[in-house]
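Comments concern the structure below.
Every heavy atom of this structure was used, including side-chain atoms; hydrogens, water molecules and symmetry mates were not. Heads up: numbering here begins at 1 and tracks the sequence. Whatever order the structure lists them in is the order used to number ligands and atoms, beginning at 1.
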Amino acid sequence: MKWVAITVAFVGLILLGITLLPVTPSSASVEKESSQTLDIAKQQSRQNQQVRGAYLTRAGNCMGCHTAKGGPPYAGGHILATAIGSFITPNITPDEETGIGRWSEQEFWLALHDGMARDGRPLYPAFPYTDYTKITREDSDAIFAYLQSLPRVEQRTPPSQIRFPFNLRPLLYAWRALYFTKGVYQHEAAKSDEWNRGAYLVQGLGHCNACHTTRNPLGASQGNVLGGGQIMGSNWYAPSLTSLQEASSSDWPIEDIVQLLTTGLSSRAVATGPMGDVVSQSLQHLTEADAQAMATYLKSLPESAPYSRGMAPELTGEVDKQFRRGGKIYETYCQDCHGNFGQGAPGAYPALAGNRGVTLASPINAIRSILNGGYAPVTASNPRPYGMPPFAQVLRDEEIALVSSYIRNAWGNRGSLITEVQVDRSRKGLQ
Ligand code: HEC
Ligand code: HEC
Ligand code: HEC
């Protein structure tokens, strides 16, 4: 009996085991299944990382510098004129031979954070790693993941044309010792999360200081951060973001700042030239929350000492006569768009009255706008912006000097008079 009971129990157990089998899989299939779930989870998180990376790559405007005019995105070949010569930017698509296909996350991080190339050579600060050093490791990895997901483009970059002695890369070690401080952005506990997010974007990914600062002859940022300066190798002036006479937004409502950053147009200003490119290539893609954060930070920037606007003239005697001649030119060529009181037309033509871009101490942007014309930036919300025709062939140097002096002093504007010599220099691409 005892044996029977044992046998029945045994068979029972086996049967039970058989029936249970499909329910409790063997440990091998448990592993297989969980590794499949792991794969899916991994893939999902990789995809999420790439999507985040795509967003950050735009916020950092990597495309702006790493894409040749009309060329494949990120494949390099863009010519970047600087005071020491012309850089031809490298290919950062995942091509193994000509791009960054063989790079690791760590090597990419060293480029962004340390300004060191994969082969251990120091990189030129024309690549704004002096700002990108503030980017977190997590964001760097996400940008890398996105770039690695792009189509490979085989395109070799011709060597940059840098003048002697600046073409000697080892000199960069000295430069770095003097001017480069590496370090990820440090959260300021006394400030809000929104402010910190804005500071992180402006100081790091957005690399606003790459243009909005004065540079010494060695290309190092000098003086106030975001304090404004001539952009090296171009005749554009990037105004101070801390001076009320230039482009500080400390007295603007947040909505107006967000509008300028994301559309390039506001009732007070229009983004032109290189700033127009920054808006159309990068800032228009910011999320609402990030644009707000950036605006919050910009608005909070402490004001720097007022800049001298140069001597605004007394409108008497000979000066008054010239002023009236400038007014006539304005009526004939400009008024239809910019209005008889310089008020512009909302969403189409910028106001010139009260427009700080017109009265900057450095008049190069205004002269250039008149000579070359231009468009407000192309954005999703404004795919076909209104334009301004170039006047380089229509008006003589003297006339452009007169009309520029006029718009700098009409309707309550105050700015120094423009001379023919300044117009002539601008025509020749000089500062
Ligand atoms: C203002 C222009 C500019 C911007 C913006 C810019 N780069 Fe560059 N980048 C350069 C230049 C110029 C070089 C070459 C520097 C050199 O030769 O030392 C470079 C080099 C690099 C390199 C090294 C490539 C190599 O083959 O050694 C990497 C990686 C890189 N950039 C990635 C990026 C990423 C990612 C972004 C956006 C977050 C970015 N760059 C934005 C101008 C720019
Ligand atoms: C490639 C160079 C460059 C970069 C990078 C750049 N700017 Fe500018 N910015 C300019 C120039 C040039 C002007 C003057 C032309 C103009 O007024 O639009 C300007 C003008 C401005 C103005 C004033 C607009 C007006 O007309 O009053 C603001 C505000 C501004 N920039 C903010 C920023 C912020 C914020 C960033 C970073 C996210 C940034 N810029 C990055 C070149 C640059
Ligand atoms: C057909 C319409 C039109 C005419 C005519 C015109 N403009 Fe403009 N103007 C514009 C538009 C549109 C912009 C914005 C373009 C841009 O962002 O580059 C602009 C921009 C400017 C700017 C730059 C403003 C800033 O904030 O940076 C100046 C200065 C200017 N115009 C002066 C003039 C003068 C002077 C004349 C006459 C000689 C003139 N414009 C004629 C449409 C016009």
Side-chain angles (χ1 to χ4, degrees), residues 56-57 59-66 76 78 80 82 87-92 99-100 103 107-108 111-112 115 117-119 121-129 132 135 140 143-144 147 157 160 162 169 172 201-202 205-212 226 231 234 236-239 241 246-249 257 260-261 264-266 268-279 282-283 294 298 329-330 332-338 344 348-352 355-358 360 365-367 369-370 372-377 385-389 391 394-395 399-400 403-404 406-407:
L56 296 166
T57 305
N61 200 11
C62 315
M63 188 156 98
C65 280
H66 285 279
H78 172 86
L80 193 69
T82 73
F87 286 90
I88 307 180
T89 55
N91 180 345
I92 55 170
I100 60 168
W103 291 46
E107 286 161 347
F108 185 76
L112 242 57
R118 181 168 183 259
D119 59 10
R121 289 178 312 159
L123 290 162
Y124 281 93
F127 165 42
Y129 65 82
Y132 293 153
I135 296 173
S140 166
I143 294 171
F144 182 68
L147 291 174
T157 307
S160 292
I162 308 303
R169 250 179 219 269
L172 288 171
L201 290 168
V202 167
L205 265 177
H207 65 281
C208 314
N209 200 52
C211 292
H212 286 273
L226 301 174
I231 302 181
S234 95
W236 283 98
Y237 175 80
L241 301 182
E246 300 209 346
S248 156
S249 47
I257 311 174
L260 178 68
L261 294 176
L265 272 173
S266 82
R268 301 154 184 260
V270 53
T272 51
M275 191 63 210
D277 294 341
V278 172
V279 170
S282 175
L283 301 180
M294 214 184 235
L298 289 174
I329 301 170
Y330 181 81
T332 313
Y333 296 101
C334 323
Q335 188 166 285
D336 280 356
C337 295
H338 291 291
Y349 305 119
L352 301 180
N355 180 334
R356 292 175 299 181
V358 173
L360 287 173
N365 295 356
I367 299 174
S369 290
I370 300 168
N372 299 358
Y375 292 88
Y386 288 89
M388 162 158 160
F391 286 93
V394 179
L395 300 173
E399 293 169 311
I400 289 179
V403 76
S404 318
Y406 175 77
I407 61 172

(message) Below 2.8 Å, can you find an N, O or S atom of His212 next to atom 8 (Fe) of ligand 2?
(response) yes

(request) Tell me, please: is Gly387 in heavy-atom contact with ligand 3, that is, under 4.0 Å? (result) yes

(request) Provide the number and element of each atom of ligand 3 under 4.0 Å from a heavy atom of Ala348. (result) 12 (C)

(message) Under a 4.0 angstrom heavy-atom cut-off, which atoms of ligand 1 come close to Pro128?
(response) 1 (C), 3 (C), 4 (C), 6 (C), 43 (C)

(message) My understanding is that we take every heavy atom of each candidate and find the minimum distance to atom 26 (O) of ligand 3. Doing that for Val403, Asn355, Ile370, which one comes out nearest?
(response) Asn355

(request) Among all protein heavy atoms, pick the one closest to atom 28 (C) of ligand 3 and tell me residue, atom and distance. (result) Leu352 CD2, 3.8 Å

(message) Heavy atom to atom 41 (C) of ligand 3, shortest distance: which of Tyr349, Phe391, Tyr386 holds it?
(response) Phe391

(message) In this structure, does ligand 1 have an atom that sits under 4.0 Å from one of the heavy atoms of Gly64?
(response) no

(message) For atom 15 (C) of ligand 1, tell me which residue out of Val278, Leu123, Leu80, Asp119 has the closest non-hydrogen atom.
(response) Leu123

(request) Could you list which atoms of ligand 2 come closer than 4.0 Å to a heavy atom of Cys211? (result) 1 (C), 2 (C), 3 (C), 4 (C), 5 (C), 42 (C), 43 (C)

(message) Within the 4.5 Å heavy-atom criterion, are Leu260 and Ile257 side-chain neighbours or not?
(response) no

(message) I need the atoms of ligand 2 closer than 4.0 Å to a non-hydrogen atom of Leu283, numbered in the order shown.
(response) 38 (C)

(message) Among all protein heavy atoms in this structure, tell me which lies nearest to atom 1 (C) of ligand 3, with the distance rounded to 0.1 Å.
(response) Cys337 SG, 2.8 Å

(request) May I ask you to identify the nearest protein heavy atom to atom 5 (C) of ligand 3, giving residue, atom name and distance to one decimal place in Å? (result) Tyr333 O, 3.3 Å

(request) Tell me which part of Leu201 gets within contact of ligand 2: side chain, backbone, both or neither, using heavy atoms under 4.0 Å. (result) neither

(request) Would you mind running through ligand 1 and noting each atom that sits below 4.0 Å from a heavy atom of Ala126? (result) 1 (C), 2 (C), 42 (C)

(message) Donor-acceptor check, side chain of Thr157 to backbone of Gly76, threshold 3.5 angstrom: yes or no?
(response) no

(request) Determine, considering heavy atoms only, which of Thr272, Ile400, Val358 sits nearest to atom 16 (C) of ligand 3. (result) Thr272

(request) Would you mind running through ligand 2 and noting each atom that sits below 4.0 Å from a heavy atom of Leu298? (result) 35 (C)

(message) Tell me whether Ala210 reaches ligand 1 (any heavy atom closer than 4.0 angstrom to a ligand atom).
(response) no

(request) Before signing off on this row, confirm whether Val270 and ligand 2 have an N or O atom pair separated by under 3.5 Å. (result) yes

(request) Out of Pro90, Ala59, Gly60, indicate the one that has the non-hydrogen atom closest to atom 24 (C) of ligand 1. (result) Pro90

(message) For the metal site, I want the angle between atom SD of Met388 and atom NE2 of His338 with atom 8 (Fe) of ligand 3 at the apex, to 10°.
(response) 180°

(request) Pull out every atom of ligand 3 sitting under 4.0 Å from any heavy atom of Ala376, numbered as shown with elements. (result) 15 (C), 16 (C), 17 (O)

(request) Considering heavy atoms of the protein only, find what lies nearest to atom 29 (C) of ligand 3 and give residue, atom and distance to 0.1 Å. (result) Ile407 CD1, 3.9 Å

(request) Name the orientation class of the two ring planes belonging to Phe108 and Phe144 (parallel below 30°, tilted from 30 to 60°, perpendicular beyond 60°). (result) tilted

(request) Look at atom 22 (C) of ligand 3 and say which protein heavy atom is nearest, naming residue and atom and giving the distance to 0.1 Å. (result) Ser369 CB, 3.8 Å

(request) Select one of side chain, backbone, both or neither to describe which atoms of Asn61 lie under 4.0 Å from any atom of ligand 2, heavy atoms only. (result) neither

(message) Which of the numbered atoms in ligand 2 are under 4.0 angstrom from any heavy atom belonging to Asn365?
(response) 14 (C), 15 (C)

(request) Of all the heavy-atom pairs spanning Leu172 and Pro122, show the shortest one and how long it is. (result) CD1-O, 3.6 Å

(request) Provide the number and element of each atom of ligand 2 under 4.0 Å from a heavy atom of Met294. (result) 38 (C)

(request) Using heavy-atom distances, let me know which of Tyr129, Trp103, Tyr124, Tyr132 sits nearest atom 23 (C) of ligand 1. (result) Trp103

(request) Heavy atoms only: give me the nearest Val279-Gly264 pair and the separation to one decimal. (result) CG1-N, 3.6 Å

(request) Would you mind listing which atoms of ligand 2 come within a distance below 4.0 Å of any non-hydrogen atom of Ala269? (result) 25 (C), 26 (O), 27 (O)

(message) Would you say atom 8 (Fe) of ligand 1 has Cys62 as a near neighbour, meaning an N/O/S atom of that residue under 2.8 Å away?
(response) no

(request) Identify, by atom number and element, the atoms of ligand 1 in contact range of Arg169, meaning under 4.0 Å from any of its heavy atoms. (result) 16 (C), 17 (O), 18 (O)

(request) Check ligand 2 against Ala247 and write out every atom of the ligand that is under 4.0 Å from a heavy-atom position of the residue. (result) 23 (C)

(message) Can you confirm whether or not the ring centre of Tyr349 sits under 6.0 Å from the ring centre of Tyr386?
(response) yes

(message) Please compare Ala271, Cys334, Pro239 and report which has the shortest non-hydrogen distance to atom 38 (C) of ligand 3.
(response) Cys334

(message) Taking only non-hydrogen atoms of His207, do any sit less than 4.0 angstrom from ligand 1?
(response) yes

(request) Within a distance under 4.0 Å of any heavy atom of Pro350, pick out the atoms of ligand 3 and give their elements. (result) 11 (C), 13 (C), 14 (C), 19 (C), 20 (C)

(request) Using non-hydrogen atoms of the residue, decide whether Phe144 is closer than 4.0 angstrom to ligand 1. (result) no

